[in-house]
Amino acid sequence: MSDKGSPKMDTAASGFEDVKTFNVPVDSEHKSKVLKLWYWGQPHHFAFQVSWISFFLAFFATFSVPPLIPVIRECLDLTKSDVSGAAIASVTGAIFSRLCLGAVCDTFGPRFGHAFLQLLTAAATMCMAVVTNAAGFIVVRMCIGFSLATFVSCQFWSSVMFNVKVVGSANAFGAGWGNAGAGFTHLVMPFIYEGIKSTQPAFIAWRAAMWIPGAAQVLIGLIILAFANDLPDGRYADLKKSGELKTEGKKSAKCAYTNYRTWLMMLSYGYCFGVELTVDNNIAPYLYDQFKLSLSTASLLGAVFSLTNIFARGLGGIASDIACKYFGFRGRLWTLYIVQMGGGICSLLMYYTKSSLGLTMMIVSFWSILVPMACGASYGIVPFISKRGLGNVSGIVGAGGNTGGAITQAIFFTSASMTTAQGFLWMGVMIMAVTSVTLPPLHWPISGWGSMFLKGNPNKTEEDYFLKDFSEEEIKEGTHLTVMKFAAESKSQRGYSKQKSAVQQSVV
């Protein structure tokens, strides 16, 4: 299958493989070796752009409600437990959908994962306009929250489109720009509401405002279906038909579910992305109630936390890639540990600055950088847990974020006996405890990889690790060949000094 755009020869292609042409330099898997943030060329960068936009709109839809909570709770006569229950529901719904979408990506491709989820949840977003009671409010928020599973297809798509040397940055920028949708909605929803309210009663204005994110979801879903490719070489359906691609959902799922690293990263991610979800649900109402601000001012200041995703999550991915370049794979682990612990400290400090708006916003500014950085650094690690089970690994770890958000919301931000400031305090304790327990045990038994404190096995290679997901029969059949290419590219994760030493030894 030929690709659009001005052709550039794939110099990594070799042997009897068909030489394909792309408009960016690619590796042996036809993944882009470069990430051009403002480029839209097919297939790599177009997928990157529509992927983050889709995730952005999922956040826009899911968090279009919190900025209007002061109005909605009065209109629907909601209690604090109703509002908190809906917040929990909005992130809980995505736990199941993220697990499912991982399998969908492995079997049918990220394109369908994005498009159909957006089209289905758009209906739920628009249904918020007909909600009349607390039960309906909670159910609809849960259904809208399913759209947050587009994160899984976003990360999967970047991982199959970009080379291992830039995949951390690609994953981080894609997810970071998508997460900024939460900040965007805090900025624009009050103004959309006020604009409609100038001609309509308040109880109609907030309902009509919900049609804006719903319509945006429909539009991006149709664009992805019509124009995007799943892989550098084409769409899943076409590649399966031609025999170039084989997908085995059960075996890829087994690779993900039986790898202990998947579950430790799931727990860890629950206290970086889970924290982000919790803060997105609580920051604007907290500022509104604690400092007696206006609705628009509280939403504007609350947007600071999410809007930093425009650069902060990408910064986490870049930091992970750079640390790996100089210190090997353990550099990625230490990067995540440091920034995630920093996020925990900021959460603690929110309690001690509760009497000062200025100090609170100063802490929020630092917090809003460290939390997204931890999220970005997390997905600098995820692609290397299991190449064969990548979709399922992404889904499980992503679901961990929503699980952590739901648990944290339920424990610390639901009870009327605990203030929001106290919730931030204990959430900080939880962040640091979970981070300290989950990250040090992560270990890759590969020469130059290892863990935070232990070295890898000098007698084990990347091929040894990634090919353990295949049986001898499958290897004889050639099922492993794609993963072999990935393993070869992954030698770059040993770090600069290890690669230099290997080259010198080969010369000698």
Problem set entry | Check: Phe424 ring centre within less than 6.0 Å of Trp367 ring centre | yes

For this session: Determine whether the aromatic ring centres of Tyr351 and Trp426 lie less than 6.0 Å apart.
Result: no

Problem set entry | Electrostatic pair Glu463-Lys491, nearest N-O below 4.0 angstrom | yes

Exercise. Taking the six-membered ring for Trp, are the ring centroids of Phe162 and His45 within less than 6.0 Å of each other?
Worked result: yes

Exercise. Between Gln340 (side chain) and Ala374 (backbone), is there a donor-acceptor pair under 3.5 Å?
Worked result: no

For this session: Taking ring pair (Phe, Tyr, Trp, His ring centres under 6.0 Å) as the test, write out the residues that go with Phe151, two or more places apart.
Result: Phe55, Tyr269, Phe273, Tyr379

For this session: Tell me, please, whether Trp177 has Arg313 positioned over its six-membered ring: NZ or CZ under 6.0 Å from the ring centre and within 45 degrees of its axis?
Result: no

For this session: Indicate yes or no for a side-chain donor-acceptor contact from Glu489 to the backbone of Phe486 under 3.5 Å, with no hydrogens or angles considered.
Result: no

Exercise. Under 6.0 Å between the ring centres of Phe63 and His186?
Worked result: no

For this session: Considering non-hydrogen atoms only, spot the tightest contact between Ser54 and Gln118 and give its length.
Result: O-NE2, 2.6 Å

Exercise. With distance as the sole test, does Thr408 use its side chain to make a donor-acceptor pair with the main-chain N or O of Gly405 at under 3.5 Å?
Worked result: no

Exercise. Which residues satisfy the ring pair (Phe, Tyr, Trp, His ring centres under 6.0 Å) test with Phe60, sequence neighbours excluded?
Worked result: Phe184

For this session: Check Ser147, Ser153, Cys105 against His114 for a side chain to side chain contact (heavy atoms under 4.5 Å, CB included) and give me the one that passes.
Result: Ser153

Exercise. Can Lys468 be said to sit on top of Tyr465's aromatic six-ring, NZ or CZ under 6.0 Å from centre and within 45° of the ring axis?
Worked result: yes

Exercise. Given the side-chain rings of His443 and Trp449, with only the six-membered ring counted for Trp, is the space between their centroids under 6.0 Å?
Worked result: no

Exercise. So how far is it from Leu336 CG to Cys375 SG, rounded to the nearest 0.5 Å?
Worked result: 9.0 Å

For this session: Examine distances only and state if a side-chain atom of Asn229 and a backbone atom of Leu231 form a donor-acceptor pair shorter than 3.5 Å.
Result: no

Exercise. Quick check, are the ring centers of Phe311 and Phe173 under 6.0 angstrom apart?
Worked result: no

Problem set entry | Pair Lys251 + Asp469, salt bridge at N-O below 4.0 Å | no

